[in-house]
There are 2 protein chains.
Amino acid sequence: MATSTDLRVSWSAVPARFRARGLRWTPQRRAVVEVLSETDGHITGAELVERCRARDAQTIPSTVYRTLDVLEELGLVRHGHGADGREEYHVGAGPEHGHLYCATCGGSWEISDAAAERIVATLAETDGFEVDLSHVTVVGRCRACDAGA
Amino acid sequence: MATSTDLRVSWSAVPARFRARGLRWTPQRRAVVEVLSETDGHITGAELVERCRARDAQTIPSTVYRTLDVLEELGLVRHGHGADGREEYHVGAGPEHGHLYCATCGGSWEISDAAAERIVATLAETDGFEVDLSHVTVVGRCRACDAGA
DNA sequence: GCCGCTACTGCAATATCTTGCAATAACATC
DNA sequence: GATGTTATTGCAAGATATTGCAGTAGCGGC
Ligand SMILES: [Mn+2]
Ligand SMILES: [Mn+2]
Ligand SMILES: [Zn+2]
Ligand SMILES: [Zn+2]
């Protein structure tokens with residue numbers, strides 16, 4: 001089966017997780033975590049900054065991005081990149097998955113578990129490479145666009 | 001077999017290719033193409049700007065990036081993204097290929113043709129998706145790092 | 001060789017993300 | 001509840017990339 005690290009998380013336990021690691025629980029980090037706890041699925045770095053700014057106009061982007069780095073180290077979020085290379089965070093979205101982006105229509109989909117499993121297995125066998133599935137972004141052309149053109 | 005659009009190109013024919021399309025051949029575009037013609041394999045957008053600036057200190061980044069867009073439309077280069085999402089251009093590098101990046105050691109490799117072929121076939125079958133192989137970047141952990149840790 | 005059309009450039013503003021550094025504020029300890 | 005340690009923040013600068021717009025200059029036609 002495909003690697004399946006579940007991202008579902010008890011946000012209420014996060015402050016304790018921070019302190020247990022010698023990290024500090026600050027108002028700025030609380031704001032980021034509150035926004036994330038209300039997010040399901042995906043959010044870009046810029047969107048997160050925007051939503052934090054909506055609650056607190058003083059929000060500083062570098063603080064938000066540094067908080068994301070910490071949350072990712074703790075395994076509470078994972079990031080990938082959109083078709084243009086921008087960061088996209090996976091939050092509370094269940095099992096790991098990669099994304100498919102259609103360059104023609106702009107649509108995006110999660111890579112099916114079946115395909116993910118085969119891709120991970122293929123690169124493990126032929127190249128000895130262990131894939132970070134959450135980070136996988138495949139750009140190309142979707143079935144609909146292929147048919148319509 | 002895997003898609004195999006060859007990028008080997010006769011740079012001397014480029015000015016005529018531009019004009020045939022109603023595009024103009026300018027000193028700025030000539031500089032970009034000259035740098036590319038001396039490049040084999042890969043170059044990031046920033047590196048290209050830097051090398052153009054080395055020949056002409058007046059080089060404007062937006063002009064370079066716009067020239068890259070045109071060259072890509074003409075099929076003379078293709079871009080992908082590094083592990084951090086930054087643009088990387090494939091130039092004169094033979095058949096299309098994707099890349100593997102080890103997040104641990106920072107190493108990078110081209111995805112083997114065998115693996116590429118299976119990945120392209122898998123996504124075509126299971127998700128009806130036609131992959132742009134040049135744009136594929138897979139991040140994870142290489143064999144050496146896996147063994148050493 | 002000149003002219004006109006319009007593709008292209010330069011520039012300034014904007015978006016996203018990172019980094020170094022000095023000042024600040026968590027929090028463990030007492 | 002005061003204190004010291006040091007993790008964290010705010011800020012400024014920088015790297016990379018995109019966009020709108022007004023002025024410039026390629027180049028096809030004469
Ligand atoms: Mn791209
Ligand atoms: Mn990344
Ligand atoms: Zn599509
Ligand atoms: Zn490695």
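A quick note: this is a predicted structure, and the numbers were derived from the prediction, not measured. Here is the naming used below: chain letters follow the sequence lines, and residue numbers restart at 1 for every chain.
Of the candidate nucleotides D:dT8, D:dG26, D:dC11, D:dC11 has the atom lying nearest to any side-chain atom of A:Ile60. Of the candidates D:dG10, C:dT9, D:dT18, the closest approach to any side-chain atom of A:Thr63 belongs to D:dG10.
When heavy atoms are screened at a 4.0 angstrom cut-off, A:Glu87 is found touching the sugar-phosphate backbone but no base atom. Within the 4.0 angstrom heavy-atom criterion, only backbone atoms of the sugar-phosphate kind lie near A:Gly22; the bases stay farther away. Counting non-hydrogen atoms under 4.0 angstrom, B:Arg66 reaches a base of the nucleic acid. Note on A:Thr44: nothing from the nucleic acid sits closer than 4.0 angstrom, heavy atoms only.
Hydrophobic cluster membership is shared by B:Val14 and B:Leu48, with clusters built from Ile, Leu, Val, Met, Phe, Trp and Tyr side chains linked at under 4.5 angstrom.
Ring pair A:His90/A:His79: centre-to-centre distance not below 6.0 Å. Taking the six-membered ring for Trp and the full ring otherwise, B:His81 and A:His81 have centroids separated by 6.0 Å or more.
Atom CH2 in A:Trp25 sits roughly 18 Å away from atom P in C:dA25 (whole-Å rounding). Put simply, CG on A:Leu23 is 15 Å from C1' on C:dA25, counting in whole angstrom units. We find that OH of B:Tyr89 is positioned 14 Å from P of D:dT16, with the value rounded to whole Å. Per the geometry, CD belonging to B:Glu72 stands 10 Å off P belonging to D:dT18, to the nearest Å. Between B:Asp84 atom CG and D:dT16 atom P the separation is 10 Å, expressed in whole Å. As a whole-Å value, the separation of A:Asp56 CG from D:dT9 P is 13 Å. In this entry the distance linking CZ of B:Arg24 with C1' of C:dA7 reads 4 Å, nearest Å. Rounded to an integer number of Å, the gap from CD of A:Glu47 to P of C:dC17 is 10 Å.
Residue B:Ala46 is the one, among B:Thr26 and B:Ala46, whose nearest nucleotide of DNA chain D lies closer to the 5' end (criterion: closest heavy atom). In terms of position on DNA chain C, the residue among A:Pro27 and A:Asp69 whose nearest nucleotide sits closer to the 5' end is A:Asp69.
Put simply, A:Arg19 has a side-chain N or O that comes within less than 4.0 Å of OP1 or OP2 on C:dC27. Not one side-chain nitrogen or oxygen of B:Tyr65 sits closer than 4.0 Å to the OP1 or OP2 atom of D:dT18. Put simply, B:Arg86 has no side-chain N or O that comes within less than 4.0 Å of OP1 or OP2 on D:dA17. The side chain of A:Gln28 places an N or O atom within less than 4.0 Å of a non-bridging phosphate oxygen (OP1 or OP2) of D:dG10. The phosphate of D:dA17 has neither OP1 nor OP2 within less than 4.0 Å of any side-chain N or O from B:Ser62.
Residues B:Val91 and B:Leu36 share a closest heavy-atom pair of CG2-O, 3.6 Å. Between A:Thr59 and A:Asp56, the shortest heavy-atom contact is OG1-O, 2.6 Å.
The closest side-chain donor-acceptor pair between A:Gln28 and A:Thr63, if any, does not fall under 3.5 angstrom.
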